[in-house]
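These notes concern the structure reproduced below.
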Amino acid sequence: MNITVIGSGYVGLVSGACFSEMGNRVTCMDIDPVKIEKLNQGIIPIFEPGLEQMVLKNVKNKNLLFKINLGEAISDAEIVFIAVGTPMGEDGSADLQYVLAVAKSIGETMVKELVVVDKSTVPVGTADQVKATIQKELDLRNSDLQFDVVSNPEFLKEGAAISDFMKPDRVVIGADSEIAFKKMKELYSPFFRSHDRFIAMDIRSAEMTKYAANAMLATKISFMNEIANICEKVGADANQVRIGIGSDQRIGYSFIYPGVGYGGSCFPKDVMALTKIAKEYGYKAQLITAVEKVNDAQKLVIAQKIVKRFGEDLTGCTFGIWGLAFKPGTDDMREAPSIYVIKELVKRGAKIKTYDPKAVNEAKEHYLKGIKNIEYVDSKYEVLKNADALVLLTEWKEFRSPDFEEIKTQLKTPVIFDGRNQYIAYDLQNKGFEYYRIGK
Ligand SMILES: NC(=O)c1ccc[n+]([C@@H]2O[C@H](COP(=O)([O-])OP(=O)(O)OC[C@H]3O[C@@H](n4cnc5c(N)ncnc54)[C@H](O)[C@@H]3O)[C@@H](O)[C@H]2O)c1
């Protein structure tokens, strides 16, 4: 099939690459000329395991193209995906300006029947707005071209995006026409050969499913962080409690690690957007509001432990930070807890030395840009040279089994703050460390 993906970020580029991997002819379009220029030179602008090889292979096979002009990009397409950003607007609701700008351009330039698919995470009712926007432009052109609008929310996880997309747990399709369902099924069938994972529903339910999924996952995280904070007060160990409750199949082990809170491009904005959507329809979403509040406070719990140990004024202290990305496997730093922890420590006069396997450029160029007293180094041990403590914020595999003698040699004092709850899975007290973690 001829597919066009508009927006070539984490979701658009991965989706485009995976559709092309299945033999479709895919055009990825983006408004950012630098991004498209880079992609045309074979430079992949984001880090995602397996993405580079897949893109380069399919470009070579001529299954994957990159374009800057939307009209040109959609001229041969049967299905057009909208995968542009839906960032948090000033009032916390999802900002739809990019989605609607794309819809307008589609209406202005489409030359044949189309299935237009919202893959971006969008509030309930957005498909109707997309449809109306396209129709308005067609009417202005006196065109009677037919099109369908479909909701196909994306559930991939950064860091495992390719495998999630190639072997999805489910593909949710919200549509109101048989033709659209049929086309979407044809496109996705190769991704689940052994058994059908296609979940068909109405458009509004599909739009809501994405928010409900992210809100559920965020709730698990905030729930466990709250339990961890109570554990600390009552003298229990959140890690033992985690194992104790996770063994119940109704609860399960995933997403119940206490830590520095959730970040990333999705949970914070989607949780916030869902409360706004509810409010718009006259409902006060109390639980989801609390999930966000717990998370906001949780980002600073590790900084509070540092203050308790080293004092309110951290002038003269240096902290070695392992991990900047909001989670391992990605260079994405959107809403990463590391941003909040580092800013808090720097505000109190501390110096920071930090290492992350992938996210240093993002930190330098965007999220920690202009903040003085941060030194970026090339290895996890260099970070610790003359530092007062090691602070672990992202659970990259290379931090899991470090050389403890080396850590002790480098640090001024053998103090470790583990923001990922016993990620360094050793009995650190017995190794001569002062060890602080969340939930104990
Ligand atoms: N990142 C994730 O893990 C993830 C997972 C599931 C769903 N989502 C959702 O998918 C959507 C995209 O997220 P992302 O992380 O890929 O965002 P991103 O910021 O990485 O990429 C968005 C891209 O859209 C481009 N763009 C903006 N306006 C455009 C326009 N008018 N025409 C063409 N391109 C345009 C931007 O230049 C950018 O390259 C969001 O709604 C997000 O919530 C993201």
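Counting convention: from 1, in listed order, for ligands and their atoms alike.
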One finds that the ligand 1 atoms under 4.0 Å from a non-hydrogen atom of T86 are 40 (C), 41 (O), 43 (O)

Note: heavy atom closest to atom 37 (O) of ligand 1, options D30, T121, V14, belongs to D30

Nearest non-hydrogen protein atom to atom 33 (C) of ligand 1, with distance, is I31 N, 3.4 Å

Worksheet item: Can you check whether D270 has an N/O within less than 3.5 Å of an N/O in ligand 1?
Response: no

task = Assign the ring pair F399 / W322 to parallel, tilted or perpendicular, where the plane angle (0 to 90°) is split at 30° and 60°.
result = parallel

The atoms of ligand 1 lying under 4.0 Å from a heavy atom of V102, numbered in the order shown, are 30 (C), 31 (N), 32 (N)

### Message
So for atom CG, which belongs to D378, do other residues, nucleotides or ligands contribute more than 12 heavy atoms lying within a distance under 6.0 Å?
### Response
no

For residues 206-216, dump all side-chain donor-acceptor pairs below 3.5 Å to protein atoms at least two apart in sequence or in another chain.
from : atom 1 : to   : atom 2 : distance (Å)
E207 : OE1    : G125 : N      : 2.7
E207 : OE2    : T126 : N      : 3.4
E207 : OE2    : A127 : N      : 2.8
T209 : OG1    : S205 : O      : 2.6
K210 : NZ     : E154 : O      : 2.7
N214 : ND2    : D270 : OD2    : 2.8

To the nearest 0.5 Å, atom CD of Q286 lies from atom OG1 of T275 at 12.0 Å

In ligand 1, the atoms that come under 4.0 Å of a heavy atom of K269 are 42 (C), 43 (O)

Nearest non-hydrogen protein atom to atom 26 (N) of ligand 1, with distance, is V84 CG1, 3.6 Å

Ligand 1 to Y98, heavy atom cutoff 4.0 Å, flagged ligand atoms 28 (N)

Numbered in order shown, the ligand 1 atoms found under 4.0 Å of a heavy atom of S265 are 1 (N), 2 (C)

Inset, instruction - Answer yes or no for R334: is there a heavy-atom contact with ligand 1 below 4.0 Å? - result: yes

Ligand 1 to I6, heavy atom cutoff 4.0 Å, flagged ligand atoms 32 (N), 33 (C)

Of L96, L70, V11, the one whose closest heavy atom lies nearest atom 44 (C) of ligand 1 is V11

Validation row, ring centre Y381 to ring centre Y355 under 6.0 Å = no

Here the atoms of ligand 1 under 4.0 Å from any heavy atom belonging to S120 are 10 (O), 11 (C), 41 (O)

Here the atoms of ligand 1 under 4.0 Å from any heavy atom belonging to K35 are 38 (C), 39 (O)

If we ignore hydrogens and angles and just use 3.5 Å, is the side chain of T86 paired with the main-chain N or O of T121 as donor and acceptor? yes

Would you sort out whether N225 and Y262 count as a side-chain hydrogen bond (donor to acceptor under 3.5 Å, both in side chains), showing the intermediate values?
CA-CA 10 Å; N225 282 332; Y262 57 77; over 6 Å; no

When distances are taken from atom 22 (C) of ligand 1, the protein heavy atom at minimum range is G85 N, 3.6 Å

The reported gap from CD in E232 to OH in Y436 (rounded to nearest 0.5 angstrom) is 12.0 Å

**Asked** Parallel, tilted or perpendicular: which describes the rings of F267 and F255, with under 30° parallel and over 60° perpendicular?
**Response** tilted

